[in-house]
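In what follows, a single structure is set out as C-alpha cells and then discussed.
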Amino acid sequence: MARLGDLAVPAVQAALLLACMLPMLHPCFAQQPPSPGYYPSATYRSVAFSEDYRVLWGSQHQTLSPDGKSLTLLMDSSSGSGFKSARAYRNGYFGASIKVQPGYTAGVNTAFYLSNSEQCPGYHDEIDMELLGTVPGEPYTLQTNVYVRGSGDGTIHGREMRFHLWFDPTADSHHYAIIWNPDQILFLVDDVPIRRYERKTEATFPEREMWAYGSIWDASDWATDGGRYRADYRYQPFVSRFADLKIGGCAADAAPGCRGCRPVPASPSGSALSTRQEDALRCGRSGTPWCTTTASTHPGTRALYPEC
C-alpha cells in the first residue's frame, strides 16, 4: 500500500480537492436555507458612510447617496475604487448590503473585507468576502478567504472557499457579514452562516488589529474561471452598490474592558452555533464545489485548518 508521501503531487492535490468537496446532492442545494434563528445584523444600526468610513482610492468613481448611507463604486478602464474604515478593530461584527451588476462582469471583483495589509505589507492578515464577476448565463461566485501573516507574498497561511449562492446577487441587495471573535470567524449572508473558521492554533488564526474595507477592482488574472474570462471594458462602467453599513466590536484604540470590547457572539449562547444555525450552515454551503488551502499541498498541513 502506497504511503501519502509516495504519491505524486498531482495525486495528492486531487485527493485534497475530493476531501474538500461537500456533498453535491444535498437536499438544500439551490434552495433557500432554513432560518438560522439568530439575526446579528438586527443588533447593529446602519451608519452613515462618513461616521465609520473614509475614501481610500478612486474618489472620482464613488457616489454617495443623499442620506449618506449608501455608496456606489464604479470601475472602468482607468480605475476601480475603494473605501476603508476610520478605525482599526481587534474583533467585531462587520456587515454591508451589496448589489452587483448583471451581464458581462468577468474579472470584476466586488469585495468587503478586513485587512492590515497597509500596516503589515508582505506579512498581513485578511478576512475576505468577494463577489466574483461572471459571463452571461453563469452565476456569480462568492469567495471567502482567511489569510494569516501573509497572503500571496512569500509563505502563505490561509484558506479560500467559494460558493454559488441560493439567489441572484444582481437582482437585489443582500447583507454580507463577518463575525470575528477570539474563537472563530463566521461568514454570513442575510444572517445565514455559510462558513465557520474556528481557531485551531495561533499560527492559523488572525489576531492582529484590522480595518474594514470595500472595493471594486480588476481581478482578471484569476477571478473568473481561473482568468479564462477577463474584464471587457466594452461593457464599462461596472458598478457595485454598498448600503446598510454596520460595524460593532472592539476598536483598537478603545480602552480595555470597555463595553464595546466584548467579543461579538456567534450564536445566541455565545460561541457554539445553535442547532438551527448548524442546519442553515449545512444548507447554505451545500452548493460549494471548491474548497482549497493556500497553506500547502502536503496532507500533514490539513490538520491545522478547521475545514475540509
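What you see below is based on every heavy atom in this structure, not just the backbone, and it leaves out hydrogens, waters and symmetry mates.
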Should Thr43 and Tyr39 be marked as a side-chain hydrogen bond (donor to acceptor under 3.5 Å, both in side chains) after you check the CA-CA gap, both sets of side-chain angles, and the distance that decides it? CA-CA 7 Å; Thr43 306; Tyr39 305 95; over 6 Å; no
With sequence neighbours left out, what residues match Asp225 under salt bridge (charged side-chain N to carboxylate O under 4.0 Å, His left out)? Arg228
Output all residues satisfying ring pair (Phe, Tyr, Trp, His ring centres under 6.0 Å) with Tyr229, sequence neighbours left out; order by chain, then residue number. none
Strictly below 4.0 Å, N to O, side chains only: are Lys69 and Asp244 in salt-bridge contact? no
Can you check whether Met129 reaches Val189 side chain to side chain, under 4.5 Å on heavy atoms? yes
Assess whether side-chain contact (heavy atoms from CB on, under 4.5 Å) is satisfied between Ser77 and Gln236, documenting all intermediate values. CA-CA 8 Å; Ser77 58; Gln236 68 178 4; 3.5 Å; yes
Cluster link Ile98 to Leu165, ILVMFWY, side chain under 4.5 Å: yes
Nearest 0.5 Å, please: how far is CG in Asp76 from NE2 in His61? 3.5 Å
Holding to salt bridge (charged side-chain N to carboxylate O under 4.0 Å, His left out), I want the full list of residues that pass it with Asp67, two or more places apart in sequence or in another chain. none
Quick one: do Trp211 and Arg87 satisfy side-chain contact (heavy atoms from CB on, under 4.5 Å)? Show the steps, please. CA-CA 6 Å; Trp211 285 255; Arg87 306 170 77 186; 5.7 Å; no
The criterion is side chain to side chain donor-acceptor pair (under 3.5 Å); which residues satisfy it with Tyr213, sequence neighbours excluded? Glu118
Look up atom CG in Asp221 and atom CG in Asn109, then write down how far apart they are to the nearest 0.5 Å. 12.0 Å
Can Tyr176 and Phe112 be said to form a ring-ring contact (aromatic ring centres under 6.0 Å, His included), step by step? CA-CA 8 Å; Tyr176 303 84; Phe112 183 69; 8.7 Å; no
Just by distance, do the side chain of Ser240 and the backbone of Leu73 share a donor-acceptor pair under 3.5 Å? no
Compute the centroid of each ring, for Phe83 and then for Phe242, and state whether the two points are separated by less than 6.0 Å. yes
Point-to-point distance, once rounded to the nearest 0.5 Å, from CG of Leu273 to CG of Leu186: 6.0 Å
Backbone N or O of Ala106 within a donor-acceptor pair of the Thr224 side chain at under 3.5 Å? no
Among all residues two or more places apart in sequence or in another chain, which pass the side chain to side chain contact (heavy atoms under 4.5 Å, CB included) test with Trp57? Ser79, Ser215, Trp217
Once side chain to side chain donor-acceptor pair (under 3.5 Å) is applied, do any residues pair with Asp125, and if so which ones, sequence neighbours excluded? Asn116, Arg208
Under the salt bridge (charged side-chain N to carboxylate O under 4.0 Å, His left out) test, which residues partner Asp232, sequence neighbours left out? Arg234
Carboxylate-amine/guanidinium contact Glu130 Arg162, below 4.0 Å: no
Starting from Val47, can I reach Leu64 by hopping between I/L/V/M/F/W/Y residues whose side chains sit under 4.5 Å apart? yes
Run the side chain to side chain donor-acceptor pair (under 3.5 Å) test against Gln101 and tell me which residues pass, sequence neighbours left out. none
Tyr104 reachable from Val108 in the ILVMFWY side-chain graph, under 4.5 Å edges: yes
So, Gln62 side chain and Ser59 main chain: donor-acceptor pair closer than 3.5 Å or not? no
Apply side-chain contact (heavy atoms from CB on, under 4.5 Å) to the pair Trp180 and Val264, showing each step before the final yes or no. CA-CA 7 Å; Trp180 169 41; Val264 174; over 6 Å; no
Rounded to the nearest 0.5 Å, what separates atom CD1 in Ile185 from atom OG1 in Thr144? 10.0 Å
According to side chain to side chain contact (heavy atoms under 4.5 Å, CB included), who are the partners of Pro40, at least two apart in sequence or on a separate chain? Tyr38, Tyr93, Ile179, Leu188, Asp191
Could you tell me whether Arg282 and Asp279 make a salt bridge, using a distance below 4.0 angstrom between a side-chain N and a carboxylate O? yes
To the nearest 0.5 Å, what is the distance between CG (Asp52) and CD1 (Ile247)? 4.5 Å
Check step by step if side-chain contact (heavy atoms from CB on, under 4.5 Å) holds for Ile127 and Phe94. CA-CA 11 Å; Ile127 304 170; Phe94 309 87; over 6 Å; no
Under a single-linkage definition using a 4.5 Å side-chain heavy-atom cutoff for Ile, Leu, Val, Met, Phe, Trp and Tyr, are Tyr147 and Trp222 assigned to the same hydrophobic cluster? no
Quick test of your reading: applying side-chain hydrogen bond (donor to acceptor under 3.5 Å, both in side chains), list the pairs with at least one residue in residues 131-140, sequence neighbours left out, ordered by first then second residue. Thr105-Tyr140
Is Val135 reachable from Tyr233 through a run of I, L, V, M, F, W or Y residues, each pair having side-chain heavy atoms under 4.5 Å apart? yes
Please name all residues satisfying side chain to side chain contact (heavy atoms under 4.5 Å, CB included) with Asp190, sequence neighbours left out, ordered by chain then number. Phe167, His174, His175
Under a 3.5 Å distance rule, please check whether Lys246 uses its side chain to pair with a backbone N or O of Tyr44 as donor and acceptor. yes
How many angstroms lie between CE in Met161 and CD1 in Ile194, if you round to the nearest 0.5 Å? 9.0 Å
What pairs with Arg54 under side chain to side chain donor-acceptor pair (under 3.5 Å), at least two apart in sequence or on another chain? none
